[in-house]
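The next block holds one structure in the form of structure tokens; read it before the comments.
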Amino acid sequence: MVGEKKSRMRRGFTRLGMRRQWMGLSQDELGARARVTQAKVSLAERGLLSVSDEDATRLSEVLGCPVKDLFGDDGLAITWDGVLSTEGK
């Protein structure tokens, strides 16, 4: 289970970081709005931290999308224009 969550977080890097950038937020701004530290946002974006369910929920609320769109295992990737698309399909 732990390895599965780490793997999910690594795939979430692109989605979390790109969604934040698409929304025009810095890591500091996202962290402040979601009540998490900038360091936690940075580590989560790089897949080095598995965020709690509560933090993931707050991040997704600030970014205006479901948690699964940021951290899910559904083969979706967010593009620079903020649109979800399937990878390699």
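Since the model is a prediction, treat every value here as computed from it, not as a measurement.
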- Task: State, yes or no, whether a side-chain contact exists between Cys65 and Leu70 at a heavy-atom distance under 4.5 Å.
- Result: yes
- Query: Where the side chain of Arg20 meets the backbone of Val41, is there a donor-acceptor pair that is under 3.5 Å apart?
  - Reply: no
- How far does CE of Met23 sit from CE of Met18, to the nearest 0.5 angstrom? 14.0 Å
- Query: Do Leu25 and Leu63 have side-chain heavy atoms sitting under 4.5 Å apart?
  - Reply: yes
- Which heavy-atom pair separates Arg19 from Gly64 by the least distance, and what is that distance? NH2-O, 3.3 Å
- Task: For residues Pro66 and Ser60, report the shortest heavy-atom separation together with the two atoms involved.
- Result: C-CB, 3.9 Å
- Apply side chain to side chain contact (heavy atoms under 4.5 Å, CB included) to the pair Asp53 and Val67, showing each step before the final yes or no. CA-CA 9 Å; Asp53 291 342; Val67 171; over 6 Å; no
- Where is the tightest heavy-atom contact between Ala56 and Val51, given as atom of each residue plus distance? CB-CG2, 3.9 Å
- Atom pair CZ/CG of Arg35 and Leu30 - distance to nearest 0.5 Å: 12.0 Å
- Roughly how far, to the nearest 0.5 Å, is OG of Ser42 from CG of Leu49? 10.0 Å
- Note on the structure: Contacts satisfying salt bridge (Lys or Arg N to Asp or Glu O under 4.0 Å) that involve residues 54-65 (not counting sequence neighbours) are Lys40-Asp55, Asp55-Arg58
